[in-house]
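Shown next, in structure tokens, is the structure this report addresses.
Proteins get letters first, then strands, A, B, ... in listed order; numbering begins at 1 in each.
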2 protein chains.
Amino acid sequence: MDETFDLGAGSYYSVHDRYPVSVDCILFSLHGGELSVLLAPRKFEPHRGVPSLMGGFVKHDETLDEAAARVLWELTGLDDVYMEQVGAFGALDRDPGERVISVAYFALIKSDGVIDARVGKYDAEWVSVGRLPELKFDHPLMIERALDALHRKVAREPVAFNLLPELFTLTQAQMLYERILGRSVDKRNFRRQLLDNKCIELTDKIDKLNSRRGAAMYRFNRESYKETLKFKI
Amino acid sequence: MDETFDLGAGSYYSVHDRYPVSVDCILFSLHGGELSVLLAPRKFEPHRGVPSLMGGFVKHDETLDEAAARVLWELTGLDDVYMEQVGAFGALDRDPGERVISVAYFALIKSDGVIDARVGKYDAEWVSVGRLPELKFDHPLMIERALDALHRKVAREPVAFNLLPELFTLTQAQMLYERILGRSVDKRNFRRQLLDNKCIELTDKIDKLNSRRGAAMYRFNRESYKETLKFKI
DNA sequence: ACAAAAGTGTTTGGTATACACCCATGT
DNA sequence: ACATGGGTGTATACCAAACACTTTTGT
């Protein structure tokens with residue numbers, strides 16, 4: 001009752017239940033032409049060996065965002081990665097061991113292939129979101145919510161470029177959007193939108209790996225995007 | 001390091017930091033023609049007497065959603081209210097007493113005026129989002145995020161009707177959208193959209209309170225909305 | 001009669017969509 | 001020469017926005 005208003009009441013804290021709080025990270029990347037999620041076999045019971053999202057407990061001296069960034073760093077060696085909170089998950093039985101409240105984050109990893117050696121150490125691997133195995137805990141729900149959040153975000157802001165290498169071709173960008181949105185998009189319309197919105201800039205590099213003719217490479221430009229401030233795919 | 005993967009590892013739980021987890025509720029309602037938030041004076045230190053969002057600690061036998069619903073019920077006596085999670089907030093110093101991790105929810109309260117007597121008991125009052133006092137903790141941030149979430153949601157799905165009484169006039173609905181979106185909308189276009197999308201249905205009731213002529217009253221209809229499934233204001 | 005809010009269609013501009021052929025190059 | 005992916009404009013449909021007057025009725 002009045003307990004409803006204990007929040008922040010110093011001496012009252014002790015009477016309240018406490019929980020380990022974890023972060024779970026959904027790492028997205030474009031891999032083998034598919035939007036993929038990084039899964040690693042669990043190293044502990046329960047479900048030892050079963051592919052799982054990466055998680056970690058929140059330490060007393062780090063914020064939720066910092067915890068998520070740390071977990072990501074420990075696994076990949078990457079910092080300066082686009083991350084966004086998906087939400088908090090607190091079902092009673094979401095962890096069979098003990099009640100843990102978890103905050104999910106998604107991260108967008110550039111497909112430069114510069115993932116740290118640590119990934120191999122954890123036997124982590126990229127799994128297409130179209131071919132996910134049955135996952136434990138509430139990880140399927142988390143991934144679903146993360147995909148929803150990604151869809152919504154991508155249609156409003158040009159965050160998808162965080163999934164591309166520094167330099168990329170328009171065809172790569174288009175494939176990325178098609179994978180994220182789950183539908184095919186018109187080549188000419190897509191290119192027009194990107195160029196009109198000035199969020200990418202042409203470089204003098206040519207990609208000759210994927211075609212005989214070669215494809216112009218572009219770079220994302222946050223600055224010129226900010227000026228126009230409209231984006232819609 | 002390997003600790004990153006302790007998640008769910010039974011015996012390992014004990015070594016991890018534990019935190020009280022709270023929910024904070026941002027109750028939105030249309031009050032006095034303004035989109036408003038319910039604030040109540042804190043009953044405990046720190047900041048006793050200062051207007052604040054409603055919060056409560058998550059008990060061991062309730063989910064986050066249940067905790068939020070309980071806090072709302074304790075304050076208003078209402079159940080069956082539209083609620084949505086805004087996100088988790090875990091800044092280190094967000095609560096001066098002790099580290100508390102909080103999950104914010106927003107709720108949409110019908111402006112029927114049927115708020116329970118309990119509200120009076122807590123000296124709670126509706127404050128226009130345009131005239132919020134300086135709030136403590138990270139409540140300003142929570143409200144900002146809740147408003148963002150509300151904006152996005154309202155433009156995609158007809159959840160705003162949760163803020164209107166059972167029966168309402170088109171003018172009321174329009175005012176509501178104007179307050180939420182923070183801009184004026186065209187009367188004819190607005191009405192056309194609502195009627196075309198079949199998410200409201202005409203009743204035979206006439207509201208004579210706000211005009212001499214009287215205004216037709218409508219009711220939200222979730223069923224017929226589901227059929228058309230497009231909504232855009 | 002008049003004040004005050006309710007109600008009602010059409011025009012216009014912009015944006016999203018659909019669509020097909022030529023280009024450059026390595027083999 | 002040909003196979004492969006890269007690159008380019010236009011016409012159309014639809015939707016959002018702008019816009020002003022008539023209706024009803026209590027006073």
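Summarising the geometry, the separation between NZ on Lys208(B) and C1' on dT25(D) is reported as 6 Å, rounded to the nearest angstrom. Taking atom CZ of residue Phe190(A) and atom C1' of nucleotide dT8(D), one finds them 16 Å apart after rounding to whole Å. Rounded to whole Å, the distance from CG on Asp207(B) to C1' on dT24(D) is 14 Å. One atom, CZ of Arg188(A), and another, C1' of dC21(C), lie 8 Å apart when rounded to the nearest Å. Taking atom CG of residue Leu202(B) and atom P of nucleotide dT8(C), one finds them 10 Å apart after rounding to whole Å. Rounded to an integer number of Å, the gap from Asn189(B) CG to dT8(C) P is 14 Å. Protein atom CG of Leu195(A) is 8 Å distant from nucleotide atom P of dT8(D), rounded to whole Å. Separating the CZ atom of Arg213(B) from the C1' atom of dA3(C) is a distance of 14 Å, rounded to the nearest angstrom.
Scanning atom types as modelled, no donor and acceptor separated by under 3.5 angstrom connect the side chain of Arg191(B) and the base of dA6(C).
Distance alone, capped at 3.5 Å, places no donor-acceptor pair between the Asn197(A) side chain and the Cys199(A) backbone.
Test Arg192(B), Lys187(B), Arg191(B) against Asn189(B) for side chain to side chain contact (heavy atoms under 4.5 Å, CB included) and you get one pass: Arg192(B).
Residue contacts shown for Asp186(A) include a base, since a base heavy atom lies under 4.0 Å away.
By the 30° and 60° cut-offs, the orientation of the rings of Tyr177(B) relative to Phe161(B) is perpendicular.
The side chain of Thr171(B) contributes an N or O atom lying less than 4.0 Å from OP1 or OP2 of dA6(C). A sub-4.0 Å separation between OP1 or OP2 of dA3(D) and a side-chain N or O of Arg212(A) is absent.
In this structure, CG in Leu30(A) is found 5.5 Å from CE in Met175(A), a value given to the nearest 0.5 Å.
A residue-by-residue look at Lys187(B) and Arg192(A) shows that Lys187(B) has its nearest nucleotide of DNA chain C further toward the 5' end.
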